[in-house]
Amino acid sequence: MTGGARKEGLSRRHRFAGRGAFMAALRSPRKIRGTASLLHILPGVPGASRLGLALPKRLARRAVDRNRLKRLAREVFRRHEAKRLGLDLVIAPRQAFARGDAAAWVAEVGALLDRVAAER
RNA sequence: GAAGCAGGCCGGACGGUCGCCGUAUCGCAGUUCGCGGUGCGGAGGAAAGUCGGGACUCCACAGGGCAGCGUAGCGGGUAACUCCCGUCCGCCGCGAGGCGCGGAUCAGAGGAACAGAGACGAGUCCGUCGGGCAACUGGCGGGGUGAAACGGCCAAUCUCUACGCGGAGCAACACCAAAUAGGCAGACGACGACGCGGCCCGCCGAGUCUGCGGGUAGGUGGCUAGAGCGGCGCGGCAACGCGCCGCCCAGAGGAAUGAUCGUCGUAUCGCCGCGAGGCGAUAACAGAAUCCCGCUUACAGGCUUGCUUCACAU
């Protein structure tokens, strides 16, 4: 981490490497409850937060839909200040989003990240 | 022109901005990890269901048989198949065409609704001729039932025949390898226990150090040049094969291929306009996971080839 990373970038270090760290974040006692999902928080590597999604097949049957939710969440995250807080974040939706209702999902993710940033 | 049959193909295009993955190269760091710039590449016809077949790994394995499972006109194609092609037969359609688990009753077992006197065992409901006192019995003929009535049917019931088939799967498999706990070997080892035990000596010993092997997290390989794609030629009715030339075409790994804007298109719907047209909204099924060949299923809309029937015209 010698050089400065691009401002809106989201490279590999913002993802989870391996199952271990991901499960640890899921078991973390710190969480924020949104309208339709839960955000697990665990202190991680300083300077670079990591974002993951716990999305069971039950909530999004088709692989296309799961990919879409993940990409939209990542898109919100890479432009958000929470990216630099050095936290391991895992979003776990609790209910299915209607097909094509991308706006509601984007708003949900944005609201959760805003609250994370505000707590600091 | 109308209705239809059988195929083939496409499945928005181009360009900015912000990002992601791989790779080559340059710079920073310079042992690596890494960061940044630039170039190039980056989902599908089904990537899907995981149904059939193979390649590839590991395990098992003398040979043969039995059992089990699969396939089933005939011939061909293929690495192989339950796939594909050709053809015969049967059924359906005026036709182009479509559909078909289409081997065998020589051996054995089993089965047949309803109707019918009687249904796989053999016999006798009716008529008639004969024998007999009669019960009964022998011959001949016929009606009716039904898919079928001493003569067959079903093998999509077992069976028989011929041929094929070991098991598990890339989370296979190979390698590197923290921390923690435990294992093995060696060394040291307290004024510790045991040997009559005070010294020497032997032995046990918590612990310390060193080495070794198994193995988890994690990492690397497998992992993308292939039964590959595109031309042309030759052989073949065809599936397909052979030869020559050209091309390199995703390799992620809690899993990249995204977001947004503009221009131009296509279809449908709504509104405006006499009209040419204009404005707005929506856009199918669906996302690689070791790789291939098939099959099946889903799909907005569009392009195209050959053929059939009917109608019209010449």
Side-chain angles (χ1 to χ4, degrees):
Chain A
M1 238 155 292
T2 319
R6 282 167 290 182
K7 282 187 180 61
E8 299 188 348
L10 185 79
S11 61
R12 204 179 287 288
R13 68 171 123 72
H14 295 293
R15 287 188 235 149
F16 284 96
R19 192 174 298 266
F22 187 84
M23 293 310 288
L26 260 184
R27 279 192 297 268
S28 160
R30 256 187 91 193
K31 13 189 124 138
I32 294 180
R33 203 175 297 279
T35 56
S37 31
L38 215 59
L39 176 63
H40 300 263
I41 304 171
L42 191 71
V45 184
S49 294
R50 293 191 290 186
L51 179 73
L53 223 63
L55 184 61
K57 226 174 199 174
R58 178 170 47 82
L59 293 183
R61 180 62 57 188
R62 300 185 309 164
V64 196
D65 297 330
R66 290 194 298 276
N67 277 341
R68 179 138 187 85
L69 290 177
K70 195 178 298 180
R71 285 162 177 166
L72 287 171
R74 227 202 299 283
E75 197 63 27
V76 174
F77 176 73
R78 64 171 258 251
R79 296 174 186 276
H80 202 278
E81 57 178 318
K83 192 181 76 173
R84 284 184 303 278
L85 295 180
L87 302 170
D88 282 351
L89 306 170
V90 175
I91 302 179
R94 312 300 295 175
Q95 54 181 263
F97 280 79
R99 276 173 76 165
D101 194 11
W105 169 246
V106 168
E108 169 85 3
V109 174
L112 284 171
L113 292 181
D114 283 344
R115 288 170 60 186
V116 170
E119 282 191 7
R120 274 283 161 125

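Throughout, a chain's letter reflects where its sequence line sits, starting with A, and its residues are numbered from 1. None of the values given here were measured: they were computed from a predicted structure.
Counting any heavy atom pair closer than 4.0 Å across all strands shown, A/Arg68 reaches sugar-phosphate atoms only and no base atom.
Pair check for B/C307 finds B/G4; Watson-Crick or G-U wobble, both atom distances under 3.5 Å. Across all strands shown, B/A179 forms no Watson-Crick or G-U wobble pair with both key distances under 3.5 Å. The base-pairing partner of B/G202, taking Watson-Crick or G-U wobble contacts with both distances under 3.5 Å, is B/C194. Remark: B/G287 base-pairs with no nucleotide; criterion is Watson-Crick or G-U wobble with both hydrogen-bond distances under 3.5 Å. Pairing partner, B/G246: B/C229, with both Watson-Crick or wobble hydrogen-bond distances short of 3.5 Å. Base pairing of B/G36: its partner is B/C26, meeting the Watson-Crick or G-U wobble criterion (both donor-acceptor distances under 3.5 Å). B/G235 is paired with B/C240 under the Watson-Crick or G-U wobble criterion, all donor-acceptor distances under 3.5 Å. With a 3.5 Å ceiling on both atom-pair distances, B/C150 lacks any Watson-Crick or G-U wobble partner.
Distances were taken from every side-chain heavy atom of A/Arg74 (C-beta onward) to each of B/A256, B/C18, B/A286; the shortest belongs to B/A256. With B/A286, B/C18, B/A43 as the candidates, the nucleotide lying closest to the side chain of A/Val64 is B/A286. For A/Lys70, taking side-chain heavy atoms from C-beta onward, the closest of the listed nucleotides B/G287, B/A255, B/C18 is B/A255.
Although no hydrogens or angles enter the test, the distance criterion places a donor-acceptor pair under 3.5 Å between the side chain of A/Arg66 and the main chain of A/Arg61.
B/G45 takes the syn form, because its glycosidic angle lies no more than 90° either side of 0.
Nearer to the 5' terminus of RNA chain B, by closest-nucleotide assignment, is the contact made by A/Ala54 (compared with the other of A/Arg66 and A/Ala54). The 5' end of RNA chain B is approached more closely, in terms of each residue's nearest nucleotide, by A/Arg71 than by the other of A/Ala63 and A/Arg71.
For A/Val64, there are no side-chain contact (heavy atoms from CB on, under 4.5 Å) partners, not counting sequence neighbours. Listed by chain and residue number, A/Phe97, A/Asp101 satisfy the side-chain contact (heavy atoms from CB on, under 4.5 Å) test with A/Ala104 (two or more places apart in sequence, or in another chain).
Here the straight-line distance linking atom CD1 of A/Ile91 with atom CH2 of A/Trp105 works out to 5.5 Å at 0.5 Å rounding.
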